[in-house]
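For reference, the structure discussed in these notes is given below.
Naming: A, B, ... by sequence-line order, numbering from 1 per chain.
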2 protein chains.
Amino acid sequence: MSTTASPQNLIASTFKVLAHPIRIAILDLLRDGEQCVCHLEAHLGKRQAYISQQLALLRSAEIISDRRDGMNIYYRVVRPEIYTLLDAARTINQIPIPAPIPRANDCVCPKCTNE
Amino acid sequence: MSTTASPQNLIASTFKVLAHPIRIAILDLLRDGEQCVCHLEAHLGKRQAYISQQLALLRSAEIISDRRDGMNIYYRVVRPEIYTLLDAARTINQIPIPAPIPRANDCVCPKCTNE
DNA sequence: GTACTATATCTCTTTTTTTGAATATGGTCA
DNA sequence: TGACCATATTCAAAAAAAGAGATATAGTAC
């Protein structure tokens, strides 16, 4: 994650963080505000540890940050400019920008509502 | 270069092609129009074969395309929208958009002008 | 034709990234 | 305090990408 920080390398690493389907999906889930990890887990259908790894990556790239609230940890995007990139990439590929996921103030994912 | 072409995978591979300093540099060199390979070679200071490999990659991603003129092969960008991405990434990283390289209709790089 | 030039391709090695499995941590609730 | 829950980290294996070297190709000039 280093090499000398030339402009091109900086830009390249910005793209690199975004060059992953799960990370893109995570950022899309965070479009309309913070979500708890269990939410992401439920929506992405991947192992918890795996999602946590990707969150760590996005976190260390300083694109998202977290906040604990009681039992859960909530993630949010701290660099909304990256949506410019995501949206532009969608436009280029003629993919519609995803509709915002209805905000659920209290987590509605199975893990959060069941028993 | 495959996996099923879900929207996220499509977007991810767009970012992936751009996630490389040399490829970014090549695209910047092509900002103001086509350039012959020797030009790129002179400007990038890398092995010919290496640049050719990167060109092949950009070509197979259908971002650039080539044209032969006499002895030389000229490359040009066929998807100018990618500059939206490059520029946005620069903005995010607070790097100025590179000034266009003065157009040289006849190649002025050492390889083209010497002897 | 042959020789040369510009560029491309192929193959192999090294490095990086991805992913999975196991385990750790640090709050919370009794 | 201890058990429990949500999430994080660590380590190793698998897969992908980066890069170097050697060689091929397709025009061009003679």
Side-chain angles (χ1 to χ4, degrees), chain A residues 1-3 8-9 12-26 34-61 64-76 106-107 109-115, chain B residues 1-3 8-9 12-26 34-61 64-76 106-107 109-115:
Chain A
M1 200 136 268
S2 36
T3 51
Q8 268 99 0
N9 282 332
S13 49
T14 296
F15 286 130
K16 207 170 286 184
V17 192
L18 299 179
H20 192 292
I22 294 289
R23 295 196 288 269
I24 292 171
I26 290 176
E34 65 178 16
Q35 298 290 355
C36 65
V37 178
C38 66
H39 221 103
L40 303 176
E41 221 177 311
H43 279 281
L44 297 170
K46 298 279 176 185
R47 299 175 312 120
Q48 176 273 318
Y50 182 49
I51 292 173
S52 203
Q53 282 176 125
Q54 302 302 152
L55 288 171
L57 226 147
L58 287 166
R59 196 162 12 94
S60 76
I64 62 180
S65 98
D66 60 339
R67 163 182 89 81
R68 172 179 287 269
D69 181 15
M71 209 74 130
N72 302 313
I73 294 190
Y74 289 82
Y75 275 91
R76 70 183 176 287
D106 41 6
C107 204
C109 68
K111 290 195 60 134
C112 296
T113 51
N114 297 348
E115 62 266 357
Chain B
M1 200 134 273
S2 36
T3 50
Q8 269 98 359
N9 281 332
S13 49
T14 296
F15 285 130
K16 208 170 285 186
V17 192
L18 299 179
H20 192 293
I22 293 289
R23 296 196 287 270
I24 292 171
I26 290 175
E34 65 178 15
Q35 298 290 355
C36 65
V37 178
C38 65
H39 223 102
L40 302 176
E41 221 178 312
H43 278 282
L44 297 170
K46 299 279 177 187
R47 297 178 313 122
Q48 176 274 318
Y50 182 48
I51 292 173
S52 203
Q53 282 176 124
Q54 303 302 151
L55 288 170
L57 228 147
L58 288 165
R59 196 162 11 95
S60 77
I64 62 179
S65 98
D66 60 339
R67 161 183 90 80
R68 172 178 287 270
D69 181 16
M71 208 74 131
N72 302 313
I73 294 190
Y74 289 81
Y75 277 91
R76 70 182 176 288
D106 40 5
C107 202
C109 69
K111 289 194 62 130
C112 297
T113 50
N114 295 351
E115 65 265 353

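For the pair B:Arg59 and C:dT9, the criterion of a side-chain N or O lying under 4.0 Å from OP1 or OP2 is met. Taking 4.0 angstrom as the limit, A:Tyr50 places a side-chain polar atom (N or O) nearer than this to OP1 or OP2 of C:dT19.
To the nearest angstrom, P of C:dG27 lies 17 Å from OH of A:Tyr74. A straight line from CD1 of B:Ile51 to P of D:dA20 spans 11 Å, rounded to a whole angstrom.
Comparing D:dT7, C:dT9, C:dA8 against the side chain of B:Ile73 picks out C:dA8 as the nearest.
B:Gln54 is linked by a side chain to side chain contact (heavy atoms under 4.5 Å, CB included) to B:His20, B:Ile22, B:Arg23, B:Ile26, B:Tyr50, B:Leu57, counting only residues two or more places apart in sequence or in another chain. When the salt bridge (Lys or Arg N to Asp or Glu O under 4.0 Å) test is applied to A:Arg67, the partners found at least two apart in sequence or on another chain are A:Glu34.
Counting heavy atoms from C-beta outward, B:Arg47 and B:Gln53 have side chains that approach closer than 4.5 Å. No side-chain heavy atom of A:Ser65 sits under 4.5 Å from any side-chain heavy atom of A:Arg59. Taking the side chain as every heavy atom from C-beta outward, A:Asn72 and A:Val37 never approach each other to under 4.5 Å. Side-chain contact between B:Tyr74 and B:Asp66 is absent, with no heavy atoms from C-beta onward closer than 4.5 Å.
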Can you tabulate the close N/O pairs, meaning under 3.5 Å, that link protein atoms to atoms of nucleotides 22-30 of chain D?
unit_1	atom_1	unit_2	atom_2	d
D:dT28	OP1	B:Gly70	O	3.4

